[in-house]
Q: 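Before I ask anything, here is the structure I am working with.
In what follows, every chain begins at residue 1, and chains take the letters A, B, ... in the order their sequences are listed.
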Amino acid sequence: MKPRVRFAPSPTGYLHIGGARTALFNWLYARHTGGTFILRIEDTDAARNSQEAVEVILSGLRWLGLDWDEGPIVEQASSLCDSPTQQKLTGKMPVPLSKGNFGPYFQSQRKANYLARVEALLSRGLAYEHEGAVKFKMQREPVTIHDLVVGDVVRKLTDREEVDPDFVILRSDGQPVFHLVNVIDDLEMDITHVIRGEDHLSNTAKHIALFQAFGVKPPHYAHIPLILNGDGSKMSKRDTGASLTGYLDEGFLPEAVINYLCLLGWSPKDNREKLSRAEVIERFDLPQILRHNARFDYEKLLWLQGEYARELADDRFYELAVHAFAKAGMDTNKFPLPYVKAALDTCKGKFKLFSELPAYAGFYFRDEIIYNADDAKKVFIPENKPRLEKLRDAFAALTPFNAATLETALKETAKQLGVKAGVLIHPTRLAATGNPNGPSLYHLLEVLGKEKSLARIEKALANF
RNA sequence: GACCCUAUGGUCUAGCGGUUAGGACACUGCCCUUUCACGGCGGUAGCUCGGGUUCGAUUCCCGAUAGGGUCGCCA
């Protein structure tokens, strides 16, 4: 039988990076084994449940490219959309729809099942009413959990459970609780493998007992280690970097995020770090999952981001770049397309995050150049003024105004002045871009064109 | 507090009784580039501690310590 695995998030309005990793591992296992990946929305908590909150999850998974075989049906959304909440999942759909033969995949639509199951437990004496709620009669003996990652775990009773091991499965307001619905759905959806965070390991004893009460063999469990903050503390909602959406907003590439997430808690064991999606699917399996928690290393993610950013196909690179400028309030559409492309070509491979791009190359699309104060103090000095004037004259005489002629002219001028090229390069760069670093000076001037370049040098001369 | 999981450089990891303990990120030196980035060649830095088992432990066992998790009418 082909594995049936599921990712079962609850719509809280954001998708935790650890949740995304759990989804990824489930998806990878399904794809590796040729099994089925199921997305189930655990929206039993009506207070927190909303269409927008569901959409945060769906758009997050879509952005990562984690497609599900069974689960909610959604409209296609642009992978570039920044705010998932702006996307309309169900503008026309009052009730979320599902695909798959085990639906619906929203727990809010499955309540009758839960109540029937509770009735069955009640009638068989396996549960009882207590202060208006229904409690499950939990066994008093230790439960052995056969975990595919951790191994056999004998879960003994805690001191509290020694007093009362039973737990509520139906609240006094009639709402079923997580442990119950989670088990019933896994059971009714024929889930074969439950891959989830290690934070569920202790509670698995309850789940196993519930499966047994329903007379069904529990699924295989695989508890994966947690993702911690860089300082080793628990990564909670308010920590920066905890939300998947944040990475989208910062201009990360989904392939970089996916690749990095794979490396947290799983290893291909052959020293490979950068792996394509197909390579990971081929190599991924439960035994290679590690048992200890991993700290999130933003720097390493950034490295991977740079790797993928450098090899981006031109079309996608332009699209993402234009989008990044638009987000920063700069409309590149006001400029001729060849100019925009030429400008962006000088930046490719030189920056990592698209959110950096407006600051890195904004000078191409802005008339007002704001000089970096520290650098201006260093290079806009009196002895450089006549040098820059001489260079301006040399540039002004250039007939083909391109990178090659600019370089020759600059070096020739430097030679005549008896100074190193850098003495001319720095003030010129600052005049043209306002920054001490950026794309190749000669190429950037070529893109800017003779008129603009000379005008900027002229303007800088007034600042000495 | 009880119960559970875990422990290799700063971080992610390879290792599965005998290795000069390997790789990657980060840091750093040099080269390349008269910016930045990329690339190339080097470098600093590691088996948490204490007992066992063994001829021999990073590796196996026990304990301690540390970190994380669970003990809800949250999920």
Q: Taking the minimum atom-to-atom distance to the side chain of Thr158(A), which one of rC73(B), rC3(B), rA75(B) wins?
A: rC3(B)
Q: Lys156(A) NZ to rG69(B) P: how many Å, rounded?
A: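 Answer to the nearest Å: 21 Å.
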Q: Could you measure between the two P atoms, the one in rU11(B) and the one in rC47(B), and give it in whole Å?
A: 12 Å
Q: Where the side chain of Lys350(A) is concerned, which of rC25(B), rU35(B), rC5(B) is the nearest nucleotide?
A: rU35(B)
Q: rC32(B) and rC16(B): how far apart are their P atoms, nearest whole angstrom?
A: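 Each nucleotide's P atom is 42 Å from the other's.
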Q: Strictly below 4.0 Å: does Asn203(A) bring a side-chain N or O up to OP1 or OP2 of rC71(B)?
A: yes
Q: Please report the distance, rounded to the nearest Å, between NZ in Lys348(A) and P in rC38(B).
A: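 Taking atom P of rC38(B) as the reference, NZ of Lys348(A) is at 16 Å.
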Q: Measure the distance from CG on Asn293(A) to C1' on rU11(B) and round it to the nearest whole Å.
A: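 Between C1' of rU11(B) and CG of Asn293(A): 14 Å.
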Q: Rounded to whole Å, how long is the line connecting atom CG of Leu406(A) with atom P of rU34(B)?
A: 14 Å
Q: Tell which nucleotide pairs with rU58(B), taking only Watson-Crick or G-U wobble pairs whose two distances are both under 3.5 angstrom.
A: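 For rU58(B), the partner nucleotide comes out as none, under the 3.5 Å rule.
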Q: Using a 4.0 Å heavy-atom cut-off across all strands, classify Ala421(A) as base, sugar-phosphate, or nothing.
A: base
Q: Per the side chain to side chain donor-acceptor pair (under 3.5 Å) rule, what does the pair list look like for residues 436-449 of chain A, sequence neighbours excluded?
A: Ser440(A)-His443(A)
Q: Please determine whether a side-chain nitrogen or oxygen atom of Arg171(A) lies at a distance below 4.0 Å from atom OP1 or OP2 of rC74(B).
A: yes
Q: Does rU70(B) have a Watson-Crick or wobble partner in any strand here, with both distances under 3.5 angstrom, and which is it?
A: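 Matched rU70(B) with rA2(B) under the 3.5 Å cut-off.
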Q: Of the candidate nucleotides rA75(B), rG69(B), rC25(B), which contains the atom at the shortest distance from the side chain of Asp297(A)?
A: rC25(B)
Q: What is the distance, rounded to the nearest whole Å, between atom CG of Leu357(A) and atom P of rC36(B)?
A: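 Going from Leu357(A) (CG) to rC36(B) (P), I get 19 Å.
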Q: Cation-pi check for Tyr364(A) against Arg366(A): NZ or CZ below 6.0 Å from the six-membered ring centre and within 45 degrees of the axis, yes or no?
A: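 Cation-pi check for Arg366(A) and Tyr364(A): fails.
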Q: When you measure from the side-chain N and O atoms of Ser10(A) to the phosphate of rC74(B), is any distance below 4.0 Å, counting only OP1 and OP2?
A: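 It does not, given that no N or O in the side chain of Ser10(A) lies less than 4.0 Å from OP1 or OP2 of rC74(B).
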Q: With heavy-atom distances below 4.5 Å as the criterion, would you say the side chains of Leu461(A) and Leu388(A) are in contact?
A: yes
Q: Rounded to whole angstrom, note down the C1' distance from rC55(B) over to rC41(B).
A: 42 Å
Q: In whole Å, measure the gap between the P atoms of rC5(B) and rA64(B) for me.
A: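 About 14 Å, rounded to a whole number of Å.
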Q: Please state the P separation for the pair rU8(B) and rU58(B) - nearest whole angstrom.
A: 15 Å
Q: Between Leu264(A) and Leu157(A), who's closer to the 5' end of RNA chain B by nearest nucleotide?
A: Leu157(A)
Q: Using atom P of each nucleotide, how far apart are rA14(B) and rU44(B) to the nearest Å?
A: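 Roughly 24 Å separates the two P atoms.
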Q: Pick the closest RNA chain B nucleotide for Gly265(A) and for Asp173(A) by heavy atoms, then say which residue is nearer the 5' end.
A: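 Closer to the 5' end of RNA chain B: Gly265(A).
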Q: Looking only at the side chain of Arg291(A) (C-beta and beyond, no hydrogens), which of the listed nucleotides rG39(B), rA75(B), rU6(B) gets closest?
A: rU6(B)
Q: How about Tyr371(A) and Phe380(A): are their ring centroids closer than 6.0 Å?
A: yes
Q: Would you mind reading off the distance between Asn271(A) atom CG and rC25(B) atom C1', rounded to a whole angstrom?
A: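 After rounding, the gap between these two atoms is 13 Å.
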Q: Between rU13(B) and rA7(B), how far is it from one C1' atom to the other, in whole Å?
A: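 Per the computed distance, 14 Å lies between those C1' atoms.
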Q: Considering Watson-Crick and G-U wobble pairs with both distances under 3.5 Å, what does rC47(B) pair with?
A: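 Pairing partner: none.
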Q: Between Phe284(A) and Tyr29(A), is the gap from one ring center to the other below 6.0 Å?
A: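 Ring centroids of Phe284(A) and Tyr29(A) are no less than 6.0 Å from each other.
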Q: Looking at His292(A), I'd like to know whether one of its side-chain N or O atoms comes within less than 4.0 Å of OP1 or OP2 on rU13(B).
A: yes
Q: If you check every side-chain atom of Glu307(A), which of rC73(B), rG39(B), rG68(B) has the closest atom?
A: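 The answer is rG39(B), which lies nearest to the side chain.
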Q: Between Arg155(A) and Ala205(A), is there a donor-acceptor pair closer than 3.5 Å when you use the side chain of the first and the backbone of the second?
A: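 No, the answer is negative, given that no donor and acceptor are paired below the 3.5 Å cut-off.
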Q: Send over the distance from Ile289(A) CD1 to rC12(B) C1', rounded to a whole Å.
A: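 Taking atom C1' of rC12(B) as the reference, CD1 of Ile289(A) is at 16 Å.
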Q: Should the pair Arg6(A) and Phe37(A) be classed as cation-pi, given the thresholds of under 6.0 Å to the six-membered ring centre and 45° from the axis?
A: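 Not flagged: Arg6(A) not positioned over aromatic ring of Phe37(A).
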Q: Please confirm whether any donor atom in the side chain of Ser202(A) sits under 3.5 Å from an acceptor in the base of rC3(B), or the reverse.
A: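 When only heavy-atom distances are counted, Ser202(A) does not reach the base of rC3(B) through any donor-acceptor pair under 3.5 Å.
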Q: Taking atom C1' of rA24(B) as reference, at what distance in whole Å does atom NZ of Lys300(A) sit?
A: 4 Å
Q: Using purine N1 to pyrimidine N3 plus N6-O4 or O6-N4 for Watson-Crick, or N1-O2 and O6-N3 for G-U wobble, both under 3.5 Å, which nucleotide pairs with rC30(B)?
A: rG40(B)
Q: Whether Arg295(A) contacts rG67(B) is assessed here as follows: a side-chain N or O lying under 4.0 Å from the phosphate OP1 or OP2. Is that the case?
A: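 No, because none of the side-chain N or O atoms of Arg295(A) sits under 4.0 Å from OP1 or OP2 of rG67(B).
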Q: I need the full list of side chain to side chain donor-acceptor pair (under 3.5 Å) pairs touching residues 347-362 of chain A, with sequence neighbours left out, sorted by first then second residue.
A: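 Side chain to side chain donor-acceptor pair (under 3.5 Å) check on residues 347-362 of chain A returns Asp314(A)-Lys348(A).
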Q: For the side chain of His179(A), counting heavy atoms from C-beta on, which of rA14(B), rA75(B), rG10(B) is nearest?
A: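 The nucleotide sitting nearest to the side chain is rA75(B).
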Q: Closest to the Trp303(A) side chain: rG68(B), rA75(B), rC25(B)?
A: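 Closest nucleotide to the Trp303(A) side chain: rC25(B).
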Q: Just name whichever nucleotide pairs with rC25(B), Watson-Crick or G-U, keeping both distances under 3.5 Å, else none.
A: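 Here rC25(B) is engaged in a pair, and the nucleotide opposite it is rG10(B).
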Q: Using every non-hydrogen atom in the two residues, find where Ala432(A) and Arg456(A) come nearest and quote the distance to one decimal.
A: O-NH1, 2.8 Å
Q: Distance between the P atoms of rC60(B) and rC25(B), in whole angstroms?
A: 29 Å
Q: Report the base-pairing partner of rU35(B) (Watson-Crick or G-U wobble, both distances below 3.5 angstrom), or none.
A: none
Q: By nearest atom, which of the nucleotides rU35(B), rC71(B), rG15(B) is closest to the Arg429(A) side chain?
A: rU35(B)
Q: What nucleotide among rG15(B), rC3(B), rA75(B) has an atom nearest to a side-chain atom of Arg155(A)?
A: rC3(B)
Q: How is Glu407(A) classified with respect to the nucleic acid when contacts are heavy atoms under 4.0 Å: base, sugar-phosphate, or nothing?
A: sugar-phosphate
Q: Could you work out which one of rA26(B), rA75(B), rG15(B) sits closest to the side chain of Glu299(A)?
A: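 Given the options rA26(B), rA75(B), rG15(B), the side chain of Glu299(A) is closest to rA26(B).
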Q: Does rU20(B) have a Watson-Crick or wobble partner in any strand here, with both distances under 3.5 angstrom, and which is it?
A: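 rU20(B) is unpaired by these criteria.
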